[in-house]
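One structure below.
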Amino acid sequence: MKLDGQTGPRVGILNPGVWMLALALIGGYGTPAPAQTSPSAAGTENPNDWPQYHRTSNAWRYSPLDQINKTTVKNLKVAWLHQPGDITMGLQATPIVVGGVMYYIAPNNNVFALNAATGEQVWHYQPQIDPLAYESFYASASRGVTVGNGKVYVGTMDGRFVAVDQESGKEVWSTRLVDQSKCSGCLFSSPPVLAGNVLVGGTTGGDQPQRGKIFAVNAATGEPAWTFDTINASEASWPGDTGDVGGGGAWLPGTYDPVSDTLFIGTSNAAPDFYGDGRKGDNLYTATLLALDPKTGKLKWHRQEIPHDTWDYDSAYEALVVERDGRELIVHLNKSGFVFVMEKATGALVNVWPLSETYNFVKSIDPKTGELIDRRPLEFGKENIVCPYLLGTRSWNHGAFNPKTGLWYTNAMEVCEIAVPGKQDPSKLGIAGLYLGVDKLEAVPPPGRKASARLDARDPVTGERKWTVDYPLPGLGSVLTTGGGLVFNGDPEGIVRAYDADDGSVLWQFRAGSGIRSGLVSYAVDGKQYLAVPSGWGSLAPGFMASVFPRVKELQGGATMVVFALD
């Protein structure tokens with residue numbers, strides 16, 4: 001089934017030329033989910049809360065609440081609003097809701113605790129940020145906080161993990177993990193993951209000349225526990241000293257599986273992104289999904305999805321866990337547009353299927369071995385049409401899985417790029433310079449067709465598509481699905497829609513005023529279900545999209561937490 005995307009008046013973009021500047025620099029109350037066996041034991045957590053980044057450790061982004069459902073959703077009205085007072089880079093965070101309190105982070109590490117039923121502010125905290133952090137290419141934005149052990153944990157834009165008292169908002173401890181004066185792009189744009197007694201997170205900056213690392217600290221004290229080097233020390237993987245500027249940051253939150261005591265976290269592309277001759281070898285552990293022991297940081301298993309990645313195809317996205325035929329499987333989208341399905345316990349490959357319709361960097365990927373069949377290397381100094389482009393078939397915004405329908409709902413786009421590989425001297429780039437290894441990089445439509453965007457409902461294991469909704473602009477917010485048979489998604493215009501999870505028909509919509517780049521969540525307080533939509537268009541992606549989706553140049557920035565409930 002195909003449905004036309006619904007649009008309205010144009011409403012705006014924040015800093016549409018950011019990417020071009022960067023290139024210049026290089027040169028109600030519902031019933032709990034039914035009792036289920038692993039892996040969805042995490043789905044049986046208190047249905048009224050949204051206690052962690054994906055709500056549960058299986059990364060479903062599913063709320064079992066059903067007061068808001070196919071029949072009642074038409075009666076949704078705004079319950080309250082909260083404005084953080086800073087619109088820089090918009091709102092990109094997924095709010096956390098525990099015990100009737102919402103915790104969320106706004107631009108420049110502004111953290112708020114709010115009464116989740118009324119929006120009344122409980123406290124506000126902002127760490128004192130090193131001024132150098134504001135010079136970083138990735139400054140200002142943050143994707144969330146982590147709550148646990150009576151604390152709210154933050155990964156800061158100046159390279160620290162910070163713990164704040166959950167009740168008062170007072171700082172408990174602060175641990176510096178990276179020195180930005182010596183490490184370009186080394187900051188934390190995502191919240192650390194609480195994995196037992198440790199906090200774990202990786203730095204942003206796969207596109208910058210750094211050696212990516214994943215850090216763990218004691219969650220009670222902030223004392224460093226271990227560090228995992230995402231740049232393998234093997235000469236075969238990184239000849240000479242190429243790994244010292246090899247990128248590989250783990251810049252999105254991983255997920256902790258308490259049943260197996262395993263942290264699953266993906267890594268970014270290798271650097272320089274497009275100039276592969278500058279880093280011979282397979283470049284482990286870039287473009288890789290890692291399974292780590294959170295107590296020690298030891299590697300349990302890994303799957304490198306794109307060996308010697310020369311197209312900027314990160315493996316940093318969410319590790320969705322589903323059960324099929326009695327097996328626990330990880331479903332993992334790579335930025336290349338291919339979805340890798342693996343055994344959760346071992347990483348053994350079960351299937352590979354393409355979300356992308358227009359890929360050309362390979363002929364295909366072997367679904368049994370993961371081998372890249374007929375790789376298409378980029379020609380140095382020449383224009384290469386590469387599909388998909390560096391933002392991927394989907395950006396970092398996450399999909400959602402509904403156990404009632406068995407479907408995974410995810411945004412997608414079909415866009416390519418012109419890339420001309422070139423040499424760069426990483427020592428001359430500075431803190432804001434990108435180590436892309438290109439002389440030219442421009443987003444273009446796929447050969448023979450227009451650039452396009454959509455929301456898909458898919459079988460996560462086979463890739464079979466149940467329905468699709470076409471969009472005029474790519475959805476860059478994370479999808480939410482619920483026990484009420486609904487799928488919620490927001491678009492760059494700021495329109496939030498509720499779809500029927502079974503067929504994709506639109507059941508409700510609301511114009512929030514600024515585009516959605518964040519994580520939508522649902523929760524309940526005192527028997528009443530709420531839908532939270534952080535509205536605020538921003539991030540670096542729109543600037544690079546502008547050549548194929550020119551309307552994004554006119555979209556307005558903003559920052560407002562918009563919360564809905566039934567009338």
Side-chain angles (χ1 to χ4, degrees), residues 28-36 40 42-56 58 60-82 94-104 114-120 147 398-407 409 455 457 477-490 495-512 516 518-535 560-567:
Y29 187 78
T31 55
Q36 302 174 58
S40 50
T44 65
E45 294 179 13
N46 185 347
N48 300 314
D49 289 347
W50 192 283
Q52 55 178 292
Y53 187 74
H54 296 298
R55 187 180 170 271
T56 48
N58 46 28
W60 285 1
R61 289 194 167 254
Y62 166 76
S63 169
L65 298 173
D66 59 8
Q67 188 181 83
I68 302 170
N69 53 48
K70 296 180 185 182
T71 301
T72 63
V73 68
K74 64 180 181 293
N75 298 319
L76 274 183
K77 303 293 183 183
V78 174
W80 56 264
L81 305 171
H82 182 266
T94 295
I96 302 298
V97 183
V98 178
V101 179
M102 175 186 288
Y103 307 89
Y104 86 98
L114 310 175
N115 182 311
T118 67
E120 180 183 3
V147 177
H398 314 287
F401 174 77
N402 192 311
K404 291 185 175 182
T405 64
L407 296 173
Y409 307 93
L455 173 67
S478 297
V479 185
L480 165 70
T481 188
T482 72
L486 301 171
V487 175
F488 292 92
N489 198 30
I495 303 173
V496 186
R497 297 184 179 90
Y499 300 93
D500 187 312
D502 292 308
D503 62 19
S505 57
V506 178
L507 302 177
W508 171 85
Q509 66 179 43
F510 180 90
R511 184 176 296 277
I516 311 302
S518 56
L520 284 62
V521 307
S522 189
Y523 61 91
V525 181
D526 295 332
K528 189 170 188 175
Q529 184 181 355
Y530 296 85
L531 168 70
V533 178
S535 168
T560 305
M561 182 67 69
V562 186
V563 177
F564 303 86
L566 294 175
D567 193 10

Flag the pair Trp80 / Leu114 as yes when at least one side-chain heavy-atom distance between them is below 4.5 Å, and no otherwise. yes
Nearest 0.5 Å, what's the CH2-CZ distance between Trp508 and Phe564? 4.0 Å
Heavy atoms of Ser535 and Val562 approach each other most closely as CB-CG2, 4.2 Å
One pair to check against side chain to side chain contact (heavy atoms under 4.5 Å, CB included): Ile495 and Phe510. What are the steps and the verdict? CA-CA 6 Å; Ile495 303 173; Phe510 180 90; over 6 Å; no
In this structure, CG of Asp49 is separated from OG of Ser522 (nearest 0.5 Å) by 11.5 Å
Between Pro47 and Pro64, what is the shortest heavy-atom contact and its length? CB-CG, 3.5 Å
Can you confirm whether Ile96 sits close enough to Tyr104 that some side-chain heavy atom of one is under 4.5 Å from a side-chain heavy atom of the other? no
Check whether Gln67 reaches the backbone of Gly527 with its side chain - one donor and one acceptor, N or O, closer than 3.5 Å. yes
Of all heavy-atom pairs linking Lys70 and Gly485, the shortest is CE-O, 3.2 Å
Pair His82-Met102, side chain to side chain contact (heavy atoms under 4.5 Å, CB included): steps then yes or no: CA-CA 11 Å; His82 182 266; Met102 175 186 288; over 6 Å; no
Closest heavy-atom pair, Asp500 versus Asp503, reported as atoms and distance to 0.1 Å, is CB-OD1, 3.1 Å
Separation between OG (Ser63) and CG (Leu531), nearest 0.5 Å, reads 9.5 Å
In Å, rounded to the nearest 0.5 Å, how long is the span from CG of Asn69 to CG of Asp66? 6.5 Å
Are the side chains of Trp50 and Leu65 in contact, using a 4.5 Å heavy-atom criterion? no
Tyr523 and Tyr530 aromatic ring geometry - parallel, tilted or perpendicular at 30°/60° bounds: parallel
I need the single residue from Thr482, Thr94, Thr481 that forms a side chain to side chain donor-acceptor pair (under 3.5 Å) with Arg61. Which is it? Thr94
To the nearest 0.5 Å, atom CG of Asn402 lies from atom CG of Leu486 at 9.0 Å
Heavy-atom closest pair (Pro534 atom, Ser518 atom, distance to 0.1 Å) is O-OG, 2.5 Å
Kindly give the heavy-atom pair with the smallest separation between Val521 and Leu480, and that separation in Å. C-CD2, 3.8 Å
State the CG-OH distance between Leu507 and Tyr499, to the nearest 0.5 angstrom. 10.5 Å
Working note: Asn489 + Tyr409, criterion side chain to side chain contact (heavy atoms under 4.5 Å, CB included); need CA distance, chi angles, decisive distance, verdict. CA-CA 10 Å; Asn489 198 30; Tyr409 307 93; over 6 Å; no
Is there a side chain to side chain contact (heavy atoms under 4.5 Å, CB included) between Leu76 and Leu566? Walk through the geometry before answering. CA-CA 4 Å; Leu76 274 183; Leu566 294 175; 4.0 Å; yes
May I ask you to decide if the ring planes of Tyr62 and Trp60 are parallel, tilted or perpendicular, using 30° and 60° as cut-offs? perpendicular
